[in-house]
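A quick write-up on the structure given underneath.
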There are 2 protein chains.
Amino acid sequence: MKRNTWQREAVREALDDTEGFISAQALHSTLHASGSPIGLATVYRALGDLASNGEADSLQSPDGEALYRACSTTGHHHHLICRNCGLTVEIAADEVEAWAKAVAAEHGFTGAAHVVDVFGLCANCTLLQAAGDTAKLAAAQKP
Amino acid sequence: MKRNTWQREAVREALDDTEGFISAQALHSTLHASGSPIGLATVYRALGDLASNGEADSLQSPDGEALYRACSTTGHHHHLICRNCGLTVEIAADEVEAWAKAVAAEHGFTGAAHVVDVFGLCANCTLLQAAGDTAKLAAAQKP
DNA sequence: GTGGTTTTGACAATCATTATCAATAAGCCT
DNA sequence: AGGCTTATTGATAATGATTGTCAAAACCAC
């Protein structure tokens with residue numbers, strides 16, 4: 001049986017209050033900072049549950065941490081992430097959704113999950129990095 | 001100064017010989033199995049270097065491992081990976097390719113790279129796991 | 001309230017990855 | 001070739017995130 005505990009609620013709310021993605025560790029710290037004596041293991045469990053229920057999205061940060069994010073619906077979507085400033089845009093991916101299913105089925109695969117994330121430079125960072133690249137190129141030329 | 005060592009070459013070749021993605025640990029095991037006395041730390045360093053040089057792509061597997069693949073190839077393609085037996089099928093992804101570019105452009109993003117990989121159970125493992133699940137369910141019933 | 005069972009949480013265990021640092025060997029110079 | 005400098009290696013320790021453990025506490029049905 002599934003029981004309702006204030007801990008699970010606390011995690012859900014903390015996640016809702018968070019803009020963008022947050023790691024389990026960071027969420028635990030946030031909760032502690034708010035005076036909640038919740039345990040670290042419990043945060044991991046709650047996040048895992050939320051993710052399985054489709055109430056949260058999870059992705060792996062470039063340095064191997066698992067990041068979570070509140071996800072209003074059970075709907076499935078993907079992300080467009082700026083590799084410089086971390087700006088994240090949700091993108092509907094019906095096409096890709098269908099494509100992934102089709103491809104999986106075509107090869108006899110079942111239970112297809114997919115990792116579809118697009119990394120790039122947002123408009124702002126594109127401008128910023130244009131300057132940076134120039135500098136980097138100059139440095140690269142130096143033997 | 002950048003020195004040429006047989007270890008670095010060994011890692012590069014092992015990665016080239018590998019179809020699809022492989023973890024640092026797995027690559028180290030493979031090398032050891034081939035009789036190479038290369039150290040684990042060295043494999044990590046070599047893979048990191050290859051990744052920074054753009055000679056290898058890296059992505060995070062769903063369970064937090066870093067996966068690498070040789071990347072200097074002309075064609076760009078994606079993978080359909082069996083999460084049970086590791087079977088990897090290369091898939092052409094022109095549709096997704098175009099979609100990723102379009103979506104990125106639509107949001108003002110440039111230099112769009114994308115991680116598009118589909119995980120699932122291959123036909124074989126689907127059957128195997130059907131049996132396994134049955135057993136697991138039976139076990140779960142037993143109090 | 002009481003009972004049965006889930007859930008919690010402190011801590012240990014695990015796993016991938018990174019840092020350490022003495023020993024080795026690559027590449028330059030003569 | 002021989003010597004020298006220093007990048008590189010590799011065994012191991014350290015780190016850090018995540019998961020397992022298990023007794024104690026909390027929750028829900030009755």
Does C/dT8 have OP1 or OP2 under 4.0 Å away from a side-chain N or O of A/T5? yes

Can you check whether B/Q7 has a side-chain N or O nearer than 4.0 Å to OP1 or OP2 of C/dA25? no

So, taking the atom named CG in B/L27 and the one named NE2 in B/H32, what distance separates them when rounded to the nearest 0.5 Å? 11.5 Å

Out of curiosity, B/D16 CG to B/R69 CZ, how far, rounded to the nearest 0.5 Å? 12.5 Å

Heavy-atom donor-acceptor pair, B/H28 side chain to B/I38 backbone, under 3.5 Å: yes

Donor/acceptor link under 3.5 angstrom from A/R3 side chain onto base of C/dT7: no

With a 3.5 Å cut-off and just heavy-atom distances, do the side chain of B/R8 and the base of D/dT8 make a donor-acceptor pair? no

[X] has an atom [atom1]; how far is it from atom [atom2] of [N], in whole Å?
X	N	atom1	atom2	answer
A/E65	C/dT17	CD	C1'	13 Å
B/L27	C/dT17	CG	P	12 Å
B/W6	C/dG27	CH2	P	14 Å
B/N4	D/dA7	CG	C1'	12 Å
A/D49	D/dT18	CG	C1'	15 Å
B/H28	C/dT18	NE2	P	15 Å
B/K2	D/dT6	NZ	P	18 Å
B/L47	D/dT9	CG	C1'	15 Å

Those residues that, when tested against B/D17, pass side chain to side chain donor-acceptor pair (under 3.5 Å) (two or more places apart): none

Indicate every side-chain donor-acceptor pair of residues 6-15 of chain A with a distance under 3.5 Å to a residue at least two apart or in another chain.
unit_1: A/R8; atom_1: NH1; unit_2: A/D49; atom_2: OD2; d: 2.7
unit_1: A/R12; atom_1: NH1; unit_2: A/E55; atom_2: OE1; d: 2.3
unit_1: A/R12; atom_1: NH1; unit_2: A/E55; atom_2: OE2; d: 3.3

Nearest-nucleotide pick for A/T42, side chain only, options being D/dC27, C/dG9, C/dT17: C/dG9

Decide side chain to side chain contact (heavy atoms under 4.5 Å, CB included) for A/T30 and A/T18; before the verdict, give the C-alpha distance in whole Å, the side-chain angles of both, and the deciding distance to 0.1 Å. CA-CA 10 Å; A/T30 299; A/T18 301; over 6 Å; no

When clusters are formed by joining ILVMFWY residues with side-chain heavy atoms under 4.5 Å apart, either directly or through shared neighbours, do A/Y44 and A/L31 land in the same one? no

So which protein N/O to nucleotides 19-23 of chain D N/O distances come out below 3.5 Å?
none

